[in-house]
> 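Take a look at the following structure, please.
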Amino acid sequence: MRLGNFLRKNALAVIALVLVIFPLTSPPDYQFYIVERSLQNAILAIGLVILLGYTGPLSLGHAGLLATGAYTYGILATKAHWPLWLAFLAAPVVAGVIGLALGFPSLRLKGPFLMVVTIAFGEIVRIVALNEEELTGGPYGLQGIPRLINNDLGVYYLMVAATMLVAIATLRLHRSRIGLALLSIKEDPLVTGVMGVDVSNYKVMAFVLSAALAGLSGAFFAMLTRYLNPDSFTILDSATYLLMVVLGGMDSVVGAILASGVVTALPEILRFMERARLLVYAIILLLVIWGPSTGVYKKLEDRFGRKSVVAPGVKLVDRG
Amino acid sequence: MDLLKTTNLTVSFGGLVAVNGLNLTVQKGQICALIGPNGSGKTTAINLITGIYVPTAGKVEFKGETISGLPRHLIVRKGIARTFQNIRLIGNQTVFDNIRLGMHIHTKANLLGVIVNSRAVREEMAAVKSEVQEIIDFVGLSKIAQEKTRNLPYGKQRIVEIGRALATKPELLLLDEPAAGLNTQETLELVELIKKIRDRGITILLIEHHMELVEGLADWVFVLNYGQKIAEGTFKDIKANELVKEAYLGKRGARVVNA
Amino acid sequence: MQAELARVPEADVSLRMPEVGSKGEWAVGLAMLVQLSLNGLALGLLYALPAFGIALIYNATGLFNYSQGDLLTLGGYLMLTVFGVWHLPYPIAVLVVLGATLALGYAMGSIYFFPMLIQKFGPSVILIGTVALSVAIVNAVLLLWGPMAKSYENVFGNKAFQFGDMYIMPHVFWIFGIVAVLVILLQYLFTKTITGLAMRAVAQNYVAAQLMGIKVNQIIPLTIALSTVLAAISGILITPIQPLTPQLGGLLATKAFASVLIGGMGSMSGALVGGAIVGISETLIATLVTPTYKDVFTFLVVVSFLLFRPGGIFRRIEVEKV
């Protein structure tokens, strides 16, 4: 189990190495695209790890935040003709500000009720994108979005760097006093408050961080597809992102990265099924949840020698 | 010096007056006990002091400063820490991290510092580590510091809660039935620990049903019934008080005991 | 996925604001307003049925079933096949569809919800599952019935009743009547039958109910079956108002959630009042203000209710216990 142990301790470095080498193997286009999309999804999934995994609130509106980031970059780049790097920075900022507004309901609402608010938010974004044709192109989409670095490899390595930086920052957050406060809020907000943590502040902060990461992911999404359409930001997409987090073991950054790879590849692998593709995809997702969904990565970790006193599945139990 | 003073402290929940016109004065350096039959409002009083409930009327003063109405996370910063009757630890975290949570108000690392892992943040983390370790040694949990608290026996969990409260460096420690569910051996250890805490200069207000424990520890006792204070004094005075006997045993019971 | 939602065909009734001063036109305006309100009420009652189902499941399990709206769509499409294609007599077709959805709901309850609940998976995980379920149903419908909007013969007749300046379609009255009968039946179920009482017990306190010997492993699937049937009834009745599309459910689910959040999780009457409010205000706004953003408006109403009146109109929130 030596190798397993090594992989576990240096998981992030190993992933980074694989990602850096990957283009040198000159993979076919569709493989390259899947890995690119996985990276872009991973950034959003890490944001959800901070929100759902660490802090607890469930958001089914992150596709809306992804759309916010993507359209912010797309519109500023194509219609407002901002310098691209400025448009790129604006994406997480705008999404973060909206995350701030979304964070406040989370202070008063719990579980499924908060979820309804996030669904409503996601739908509002989609309806606005669909109807404000002047800005978004409506159902015809927003086309010809330029990239920050105008070649495939440049964008790819930019995303590898961004993903790794986000992952490292999140791991640092996890072990800090802030991370401990967030994790404690998830289990028992009342006690966490009594221990001196300003629970409201931290909850809103988790929303803002995760929204900003969704916005960043959105900017990359715009650069990858170079075309935006409201159909890419549905509740299924939101649920899929949540699934990456659950599959990755709820509060594991590395798990979320690996899971976003698997979940991103799945619909592409199913492409041959044509019209039945989404049906089969949804059924697979359902089976994954319904089966012993203990998080694949956590399971691997347990197998590779880490003592776990907690029974599988317990991780998934959350309060309220 | 009056460390804690409540004046006419009152709270009602939809017509039910849980605490009614409560006046308590806790002197610095003492161990005080809050006793009374079940449902007499003891825990509610502590919840009012720590900001979990907002009083309907009256106020709480700490070191001469009014603290009632402050949010709970600011009250602990003033120097009041507590434990809970039905233990509330962060079960998925280790003993070490539960106690580290208590250090939250004495640390400053902000988001930016954490993300760039600045030197100040690293130094703070090292300092926190040694302080937490010190508390773990003080309460005697060194052997199980890396265990998740959900896997600990009841008695140990109570001690972790006390350790977590101590990590906030309180001047006043509120213990809500610390001996509930402990066996004799554990209760004895608890008494020693409470004395050790007092010797550190920390004032203690505890809710307790074990009268031997109250007798052995408390310098001053408050008795509550139906949300009101019916007596206060040394344990000896209280023991002789007719009202207290009635509260615990009812009028007839009190007569039988006196006969 | 649900691109067409925002462009669902609008009610073909338009209302010009009458000019001030002419008495006759005021009367026309008033009649139009009443007519719109009645139409909105009928629509709202159809939101109320799945809404009550949502409340039933929430009370029994603490969960929201996101696929509730798609079960409604499924009910509509089954009716399309059984009645519209196979031409079974209407009452028999209804019974066939209700039987099928009852079985489907019970299966969902005993295969998915109940096992997930007793294995203590977090509500968030179970919820994500119901979103997947919703997507699965939508795509199954797409495969089986195709993407085009579909409708079948309106059994309640196409000739509007005229009351002065008002024209009311017969199905509006039928919906009022059917929902009234349903309410009486449900009332009977919950107060007079052992099964109904057991459902209420489980809804109030799951653990205590179990300790009292109630077979929770049957009552929870039954609760989910009942709410599926309620959704299906709504799906059967909705075709005269809106044509069926595979994505219909997503939007209706949100309206149903809106109704139950406005009316409160507590009772059938809460769901009915909530549904009425959503249905009427939506119909009025679509006609009088803007059809494009009528759903945005509904969402905003829901969000403000959640924030400022979290227990719905009828309920107060409880104090947290320590």
Side-chain angles (χ1 to χ4, degrees), chain A residues 46 50 53-56 96 107 165-206 208-209 212-213 249-251 298 306-311 314-319, chain B residues 46-47 50-52 71-84 87-94 96-118 121-122 124-125 128 146-152 161 164-165 167-170 174:
Chain A
I46 294 172
I50 297 175
Y54 295 174
T55 321
L107 303 180
L165 286 178
V166 167
I168 290 167
T170 307
L171 288 173
R172 283 177 174 169
L173 182 76
H174 182 267
R175 62 163 202 228
S176 75
R177 68 192 279 272
I178 301 173
L180 182 63
L182 296 180
L183 288 159
S184 305
I185 288 171
K186 178 175 183 181
E187 269 192 65
D188 194 333
L190 185 134
V191 164
T192 311
V194 170
M195 287 302 127
V197 176
D198 186 343
V199 174
S200 312
N201 248 341
Y202 277 82
K203 265 191 173 174
V204 172
M205 178 197 201
V208 171
L209 285 177
L213 289 179
M250 275 319 222
D251 58 1
K298 287 270 158 162
R306 190 219 258 179
K307 273 186 296 176
S308 173
V309 260
V310 181
V314 170
K315 260 274 71 112
L316 300 173
V317 178
D318 53 23
R319 289 155 75 118
Chain B
I46 285 200
N47 284 340
T50 51
I52 287 173
R72 47 187 90 130
H73 65 269
L74 292 184
I75 289 178
V76 63
R77 281 175 192 268
K78 301 283 178 192
I80 301 179
R82 70 170 290 177
T83 64
F84 294 84
I87 302 173
R88 292 182 79 155
L89 287 166
I90 310 299
N92 275 326
Q93 301 287 349
T94 61
F96 185 92
D97 282 336
N98 266 276
I99 295 178
R100 183 159 72 99
L101 179 63
M103 291 286 297
H104 184 87
I105 56 174
H106 299 292
T107 49
K108 288 199 275 297
N110 61 15
L111 190 59
L112 191 65
V114 165
I115 289 173
V116 301
N117 201 19
S118 71
V121 168
R122 277 174 287 155
E124 187 182 271
M125 281 181 105
V128 165
Q146 293 307 326
E147 291 284 340
K148 283 191 177 177
T149 54
R150 69 156 78 237
N151 301 321
L152 296 180
E161 264 213 332
R164 184 176 68 181
T168 67
K169 302 176 187 167
L174 309 172

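This one's a predicted model, so the numbers in the text were calculated from it and none came from an experiment. Computation of the quantities below employed the complete heavy-atom set of this structure, encompassing side-chain atoms and omitting hydrogens, waters and symmetry-equivalent molecules. Every chain is numbered from 1, with letters handed out A, B, ... down the list of sequences.
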> Working note: B/Thr149 + B/Ile87, criterion side-chain contact (heavy atoms from CB on, under 4.5 Å); need CA distance, chi angles, decisive distance, verdict.
CA-CA 11 Å; B/Thr149 54; B/Ile87 302 173; over 6 Å; no
> Heavy-atom pairs under 4.5 Å with chain A: which of B/Ile105, B/Leu111, B/Ile75, B/Thr168 has the most?
B/Leu111
> Based on non-hydrogen pairs under 4.5 Å, which of B/Leu101, B/Ile80, B/Ile115 is most in contact with chain A?
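Among B/Leu101, B/Ile80, B/Ile115, the one with the most close pairs to chain A is B/Leu101.
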> Tell me, side chain or backbone of A/Leu209 under 4.5 Å from chain B's heavy atoms, or both, or neither?
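Only the side chain of A/Leu209 comes within 4.5 Å of chain B.
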> Can you tell me how far the CD atom of A/Glu187 sits from the CZ atom of B/Arg150, to the nearest 0.5 Å?
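Here the interatomic distance stands at 6.0 Å.
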> Against chain A, work out which of B/Val116, B/Val128, B/Asn98, B/Val121 has the most heavy-atom pairs shorter than 4.5 Å and name it.
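Greatest number of close heavy-atom pairs with chain A: B/Val116.
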> Are side-chain heavy atoms of B/Phe84 and B/Ile46 found at a separation under 4.5 Å?
no
> Begin with the C-alpha distance, continue with both residues' side-chain angles, and end with the deciding distance and a verdict on side-chain contact (heavy atoms from CB on, under 4.5 Å) for B/Ile99 and B/Gln93.
CA-CA 10 Å; B/Ile99 295 178; B/Gln93 301 287 349; over 6 Å; no
> Pick out which of A/Val199, A/Thr192, A/Val197 makes a side chain to side chain contact (heavy atoms under 4.5 Å, CB included) with A/Ser184.
A/Thr192
> Heavy-atom cut-off 4.5 Å, strictly under: side chain, backbone, both or neither for A/Leu173 against chain B?
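Backbone plus side chain of A/Leu173, per the 4.5 Å heavy-atom cut-off to chain B.
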> Report yes if the distance between the aromatic ring centroids of B/His104 and A/Tyr202 is under 6.0 Å, otherwise no.
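Ring centroids of B/His104 and A/Tyr202 are less than 6.0 Å from each other.
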> Looking at side-chain heavy atoms only, is the closest gap between A/Leu107 and A/Lys203 below 4.5 Å?
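Yes, side chains in contact.
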> Could you have a look at B/Asp97, B/Leu74, B/Thr50 and say which one has the most heavy-atom pairs with chain A under 4.5 angstrom?
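When all of B/Asp97, B/Leu74, B/Thr50 are compared, B/Asp97 has the most.
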> Quick check on B/Ala81 against chain A: is it the side chain, the backbone, both or neither that has a heavy atom closer than 4.5 Å?
neither
> Counting heavy-atom pairs under 4.5 Å to chain B, which of A/Asp198, A/Leu171, A/Ile168 comes out on top?
A/Asp198
> Can you tell which part of B/Arg100 gets under 4.5 Å to a heavy atom of chain A, answering side chain, backbone, both or neither?
both
